[in-house]
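Shown next, in structure tokens, is the structure this report addresses.
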Amino acid sequence: IVTTDAFGVVSHFNAGAEQIFGYAADEIIGRNISRLVPEHARTAHGKLLGRFAAGAPSSRAMGETATLEGRRKSGELFPADISISKLDVDGDVMLSAVVRDITERRRSETALRATGSLLRTVLNNAPITIWATNADGVLTLSDGRGLEQVGLKPGEQVGMSALELYGAMPFVDHSGQVSTGREVLRRALAGETVISTNEMLGTFFENHIGPQFGPDGSVVGVVGVATDVTERVEARAAERSSEARFQTMFDRAPVGIALIDSLTGRFLAVNPQYAHIAGRTVAALEQLDWIDVAHPDDVRKNGDKWAQLKAGTLNSFQTEKRFLHPDGTNVWAK
């Protein structure tokens, strides 16, 4: 706290002021307050105090706060919040200023802005979208490069209702269960984290949607992160299509085909034609191994080759062999 008369001569300089400005009280009391003001601002500061002391219409209102600069004894300038009041003491005008050094606050604000800028840069360059709503489903955040893929701009939908925009949109979880956007938001507001996929304009997004908590731990809204998984979805679709084509060819092949575990000899899969040649059903063969359906003489004859397959010294071999049917008959095959 610094108190001056109408001409700026200091009459009171408390311990807090000593700490902020670096002057002892006896170095300042009786001297003009201008030495606490940066040189470039002294003229304007003097005029301001004069108008305030005279009570001119352009003077500051009592208690009004402005962010200015102060000057320490070392000459260092620092940002300050200054609140000034006018007092009438026995007919004399006294001006009292409450000064707060806000250097650390400014540093924190600068760091926060830098962090916010960095975060925004990351969001705008990462292939994700992050969004949030309040408890009523109104969007409070919508950011990230992923928005561009569906023709949106960061922040464009803030203030709009997510329920109206996406309430009817289907979201599919990993089990294949389909929920509407409205149902997903309701579950998130109830404290559940929902992982699901949705599609917009040909782009598929995997969403992690969960509750947003307030300072007291209560749910105040919903926050979601969406990642573009279009390539993965298309790759899986292509893989399923390829598997379906292979299964069709496997099932309809005019020759017998069997997949056999080289270590155990058990049938892993057989097609209908192989089952016909072996005289059994597909289901029955999948419970057996190749020795169970082969003539004992052929087992001994091909034993060495199977051993080489197991050891990895042989990649393939051809042979003629007999299939032993359950009724005792034999069928030759190659």
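The structure displayed is predicted, hence computed values, not measured ones.
Atom CZ in F205 sits 6.5 Å away from atom OG1 in T230 (nearest 0.5 Å). Separation of atoms CG (L288) and CD (E286) is listed at 10.0 Å; rounding is to 0.5 Å. Taken from CD in E206 to OG1 in T227, the straight-line distance is 6.5 Å, to the nearest 0.5 Å. How far CD1 of I260 is from CG of D289: 9.0 Å, rounded to the nearest 0.5 Å. We find the CG-OH distance between L185 and Y166 to be 11.5 Å, quoted to the nearest 0.5 Å. For the atom pair CG of L95 and CG of L87, the computed distance is 8.0 Å after rounding to the nearest 0.5 Å.
Scanning both residues, T180 and F171, for their nearest heavy atoms gives C-CD1, 4.1 Å. Shown here for S96 and T3, the closest heavy-atom pair between the two residues is OG-OG1, 3.6 Å. Nearest heavy atom pair, residue L285 against residue A275, reads CD1-CA, 3.5 Å. When all heavy atoms of T133 and W131 are compared, the pair lying nearest together is CG2-CZ3, 3.7 Å. Residues Q318 and K334 approach most closely at OE1-CE, 4.2 Å, considering heavy atoms. When every heavy atom of V37 is checked against every heavy atom of R42, the shortest pair comes out as O-NE, 2.9 Å.
Under the 6.0 Å cut-off for aromatic ring centres, Y274 and F250 do not qualify, their centroids lying 6.0 Å or more apart.
By the 4.0 Å N-to-carboxylate-O rule, R72 lies close enough to D101 to be salt-bridged with it. A salt bridge is absent between R187 and E183: the closest approach of a Lys/Arg side-chain nitrogen to an acidic carboxylate oxygen does not fall below 4.0 angstrom.
Judged purely by atom type and a 3.5 angstrom limit, N14 uses its side chain to pair as donor or acceptor with the backbone of I1. Looking only at distances, no side-chain donor or acceptor of H208 sits under 3.5 Å from a matching main-chain atom of S196. For the pair H325 (side chain) and D327 (backbone), a donor-acceptor distance under 3.5 Å is absent. Proximity of a side-chain donor or acceptor of R182 to a complementary backbone N or O of A168 within less than 3.5 Å is not detected. At least one donor-acceptor pair closer than 3.5 Å links the side chain of N32 to the backbone N or O of S34. Panel note: side chain D136, backbone V138; no donor-acceptor pair is recorded below 3.5 Å. Side-chain atoms of Q308 never come within 3.5 Å of backbone atoms of T313 as a donor-acceptor pair (strictly under, hydrogens ignored). Side-chain N or O atoms of T264 include one that pairs as donor or acceptor with a backbone N or O of R266 at under 3.5 Å.
Considering only heavy atoms from C-beta on, D292 stays 4.5 Å or farther from F267 through its side chain. Counting only heavy atoms from C-beta outward, the side chains of I209 and V222 approach each other to under 4.5 Å.
A search for salt bridge (charged side-chain N to carboxylate O under 4.0 Å, His left out) contacts involving K301 returns D298, not counting sequence neighbours.
Atom NE2 of H12 is surrounded by more than 12 heavy atoms from other residues, nucleotides or ligands within 6.0 Å.
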